[in-house]
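Comments concern the structure below.
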Amino acid sequence: LSSGVTITDPHLPDKPIIFANPAFYSLTGYSPAEVIGKNCRFLQGPKTDPGTVQRIREAIATRRTFRENLLNYRKDGTEFWSELTVGPIFDDDGKLINFVGLQTDITERVLSGAALREAKDEAEKANRAKSEFLSRMSHELRTPMNAILGFAQVLEMNGLADQPRECVTHIHKAGTHLLALINEVLDLSGIEAGRITFSLEVVRVQDVVRECLDLIRPLAAARALQLTAPNDADAPAGAHVLADRQRFKQVVLNLLANAVKYNREGGSLQVSWREEGADRWQIRVEDTGFGIAAEELGRLFVPFERLGAELTATEGTGLGLALSKKLIEAMGGEIGVASVTGEGSTFWLKLPRSASSLQQCEAGGEATEAIAGASSGAVLYIEDNLSNLTLIEFLFSHRPRLKLFAAMQGRLGLELARQHQPDLILLDLHLPDLLGDEVLAILKNDPATKHIPVAMLTADATPGREARLLAAGADAYLTKPIDVSALLRLIEKTLAPRADQPRQTL
Ligand code: ADP
């Protein structure tokens, strides 16, 4: 790869090229007579980006070295992407002598980058379509399954002779398995398509573990397994997490069921939990099964992957762990495993901790000053869903320098915005009295509030909607379930520079 080199004279009118190397001529297709004495701009054409050209002009005017990617044209009219580096040359007294330019043809690199982005977009689209399809199909399959299972059970109860009863039992068992499969696929694709909503609340770990253990006890007894869990007296105190209770339970139950299914006859199973850093709890399920080989751990959370269990009598769909991972991550947590072959496995999950006594918002829509303290920034949250409010309040309770105002109705939100002039407004799309779009329009048209950045927070993740809201003046768009770290980054970005700057857009 050889680069074209040009030298221009900044002291002559129109800053012409006074030297070019052979590589420059072969790159552009021009001859020396056509190049020497001309300004470099003859290489530009209709599709050259004017913004880039403007930046180049400014750099040259201020005698800075710069590098820009620029679309240029050869003599025969064909386009090429040039990586252009230009630098001023000064003499010993600091006087400007020349500019030296270096042009490298990066067309291939630019085009393959664009092709890659296109392929990625396509893949994402296909993935969404797949999730959509799976979820629809699962719905359709569930209806006939109800009939199959229902009537199989009726037949079983009707005192059939041995042989037909055995047949019906097979139908019943296979049907139950199929239903589990369908439900799990439905869940999995629902999460992927962003259609499952989580309602986060403060959950006592001990309660969920106890309920799950009660359910699993008969299975464990059938395999003569010993179950241990801390009792009320010696359980770590204050273990509350912020989670969707039903989903949390589903995951714990799945881990316990696996610890029973993949345990050895007469082995044991232990549940425990402990604090993980300042803001999370870790829940652990330890078994004395045959363990999982290190090289297989990577496939553990992959849908339909059963690591050989499909060849054994142990029933399963291979979807439980994949689903658990999605659920836990959607709730802002983490799931993982440590295993020693021949000794057993420890599956763990981590969830954000929650203070046990959270202030509740008054359901009547009263404004709640949730956080007191030195206010170095104030955020107004307009949202009618109590569990989402609770989540945001929880987040703010760890940041005493931030002040949170909450309004459960659009009109009240507008009033608070005018009155309190927050630094950021988080706005839900579905409010009981006004649509989020309307609230946004009013905020952006009112001189008293139009400078306040607004971030939309919504479960409706269609790209069209996002573009429309951004065009309508929203400064950011976050989807639910809320990605906690994205939200915190947004808050950080909006509120941090307050000390020296009046206000910052997102
Ligand atoms: P399923 O149990 O329905 O097959 P999962 O997604 O829950 O599906 O688990 C995937 C695979 O991981 C299981 O088939 C099994 O091979 C392995 N596995 C899960 N839990 C354990 C465990 N506690 N000990 C050993 N292997 C396990």
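Both ligands and their constituent atoms are indexed starting at 1 by order of listing. Quantities reported herein were computed from a predicted structural model and do not represent experimental measurements.
Salt bridge absent: Arg411 and Glu415 never bring a charged side-chain N and a carboxylate O closer than 4.0 Å. The pair Arg247-Asp244 fails the salt-bridge criterion, with no side-chain N (NZ, NE, NH1 or NH2) lying under 4.0 Å from an Asp/Glu carboxylate O.
Counting only heavy atoms from C-beta outward, the side chains of His420 and Leu380 never approach each other to under 4.5 Å. Contact annotation: the side chain of Leu414 approaches that of Leu434 to within less than 4.5 Å [non-hydrogen atoms, C-beta and beyond].
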Protein N/O near ligand 1 N/O, under 3.5 Å, which pairs?
residue, atom, partner, partner atom, Å
ligand 1, 2 (O), Asn258, OD1, 3.2
ligand 1, 2 (O), Lys261, NZ, 3.0
ligand 1, 2 (O), Tyr262, OH, 2.7
ligand 1, 3 (O), Thr317, N, 2.8
ligand 1, 3 (O), Gly318, N, 2.9
ligand 1, 4 (O), Tyr262, OH, 3.1
ligand 1, 4 (O), Arg306, NE, 2.5
ligand 1, 4 (O), Arg306, NH2, 3.4
ligand 1, 4 (O), Gly318, N, 3.3
ligand 1, 6 (O), Gly320, N, 3.2
ligand 1, 6 (O), Leu321, N, 2.7
ligand 1, 7 (O), Asn258, OD1, 3.3
ligand 1, 7 (O), Asn258, ND2, 2.8
ligand 1, 8 (O), Gly318, N, 3.3
ligand 1, 14 (O), Tyr262, OH, 3.1
ligand 1, 14 (O), Arg306, O, 3.2
ligand 1, 16 (O), Arg306, O, 2.8
ligand 1, 20 (N), Asn258, ND2, 3.4
ligand 1, 23 (N), Asp287, OD2, 2.7

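Across every non-hydrogen atom of Ser345 and Gly291, the tightest pair is OG-CA, 3.5 Å.
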- side-chain contact (heavy atoms from CB on, under 4.5 Å) between Val252 and Glu211: does it pass, once the steps are laid out? CA-CA 10 Å; Val252 173; Glu211 286 165 30; over 6 Å; no
